[in-house]
Structures are given as C-alpha cells and as structure tokens.
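Structure record follows, encoded as structure tokens.
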Amino acid sequence: DNQSPAKDEL
Amino acid sequence: MNIFRLAGDMTHLFSVLVLLLKIHTIKSCAGISLKTQELYALVFATRYLDIFTDYISLYNTCMKLIFLGSSFSIVWYIRRHKIVRRSYDKEQDTFRHHFLILPCIILALLINEKFTVKEVMWTFSLYLEAVAILPQLVLLQRTRNIDNLTGQYIFLLGAYRSLYILNWIYRYFTEQHYVHWITWISGLVQTLLYADFFYYYFHSWKNNEKLQLPA
C-alpha cells in the first residue's frame, strides 16, 4: 500500500 | 470526507479568497508578508507533485489547482503588479525566510515515511507549512494597525488548521490504521503558532475593539 490515507488531504 | 475536513478546506479556501479580494479590489497588500506567501507557493508546489500521477477525486484535483494558482498569483501581485507592489512593506517584512527552508529539507531527508523523491518532497512541504506563517506573524507584531481583511485572513488560516486537527481525531476513531505522526505533529506545531494571535483576535472581538497586538 503506497497510497497512505493522509495523501487524500490537501 | 467528514464535516471537519470539509469545513477546514472551506476556511482555507476562504482565507485565500479574502486575501485575493483585498489585493485585487483594494489594490493593496499592506500588512501581508511576501515571505510567507512565497513559502506557501513553495509548500503547494512541492506537495502537489502527485497531481499528474495520482488521481484521488475531482474535488481534490480542483482544490489543488486553486491553491497552486492562487498562491502563485498572490506572489505575482505583490512582486510585479504596478499598483499593488507599492503598498508592500518591504522594510517591515524582514524575516529571513530562506533560513526556514534548509532545516525543513534536512528534517524531511531524515524523518520521512519512505525515502523517495516524491515522499521526501511531500514531507518537506508539511514541515515548511508548519513554519510558513512565522514571517506573517512577525510582520503583524510590527504593524501597529491591523486592517480587518488581514486579521480575517490569518483568523481563517488558523481556523483551517484547527479544523484539520479535529478531522484527524475523527479519522483516527473512524478509520482503521489511521496513524500519521509526521502529519499530526507538524500540523499541531503549526496550529499552536496561531494560539497567541487567536487570543488577541477574540479579545478584540469580544470588546469590540480594533485588533492590536502588543509590541
């Protein structure tokens, strides 16, 4: 999983 | 997306709109730190590198483009616009903002989740955003009279940071494996920097006085 959830934030 | 996150994004958006409104309609950037605005432009440029590689949502992409576009146009206005640039307080805005960048680069190289170019740049943007408001706060302390729009701009920025913390608390309890120490600590540091300003902002609001910071 290289897309950590924080990356969906601005 | 939860309500805190949405409210946080909206106050962030409003803060930028208030600033653009001030610059565009009054043709003045008095009380605004160019140093802070340059740091924000750098923050967004290094954070949103994924705009071309990872698609998250239309909302996400639009907001990223707005923050990139607005931050660079604000810098352009203050530096190049023939009327706006005259109101820039160069003598007061003396914070050595370049000295904030190097420690953030070093910290991002040492403390990151993954040692890749994109990840280090992203981490750098978090560290830099945490301290980017400092030149603005220093300028504010020197400016005796803070106009309403400048006060509202900084208040909205602080509100955005506070709402993001509520968003993280909410996500921590509602999502699995949601632990992001780097984001949280740098976000917390950033929010604490507004504490002093908030104190005087609410004080002047409560007493219906003009906002003034102690020297």
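Just so it is clear: chains get the letters A, B, ... in the order the sequence lines come, proteins before strands, and each one is counted from 1.
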Check: Measuring heavy-atom distances to chain A, does B:Asn60 have an atom under 4.5 Å in its side chain, in its backbone, in both, or in neither?
Finding: both
Check: Heavy-atom count around B:Phe14 CZ within 6.0 Å, excluding the residue itself: above 12?
Finding: no
Notebook entry, point to check: Which bit of B:Phe44 comes within less than 4.5 Å of chain A, counting heavy atoms only: side chain, backbone, both or neither?
Noted result: neither
Margin query: For the OH atom of B:Tyr59 and the CG atom of A:Asp8, what is their distance to the nearest 0.5 Å?
Written below: 10.5 Å
Note to self: Would you say CG of B:Leu192 has more than 12 non-hydrogen atoms from neighbouring residues, nucleotides or ligands within 6.0 angstrom?
What the structure shows: yes
Next item on the list: Check the surroundings of atom NE2 in B:His24: do more than 12 heavy atoms from other residues, nucleotides or ligands lie under 6.0 Å from it?
Entry: no
Notebook entry, point to check: Looking at side-chain heavy atoms only, is the closest gap between B:Glu119 and A:Lys7 below 4.5 Å?
Noted result: yes
Next item on the list: Calculate, to the nearest 0.5 Å, the distance between atoms NE2 and CG belonging to B:His12 and A:Leu10 respectively.
Entry: 8.5 Å
Item checked: A:Glu9 and B:Arg47 ion-paired at < 4.0 Å -> no
Check: Looking at residues at least two apart in the chain, or sitting in another chain, which of them share a ring-ring contact (aromatic ring centres under 6.0 Å, His included) with B:Tyr40?
Finding: none
Next item on the list: Please indicate whether B:Tyr170 has more than 12 foreign heavy atoms, meaning atoms of other residues, nucleotides or ligands, lying under 6.0 Å from its OH.
Entry: no
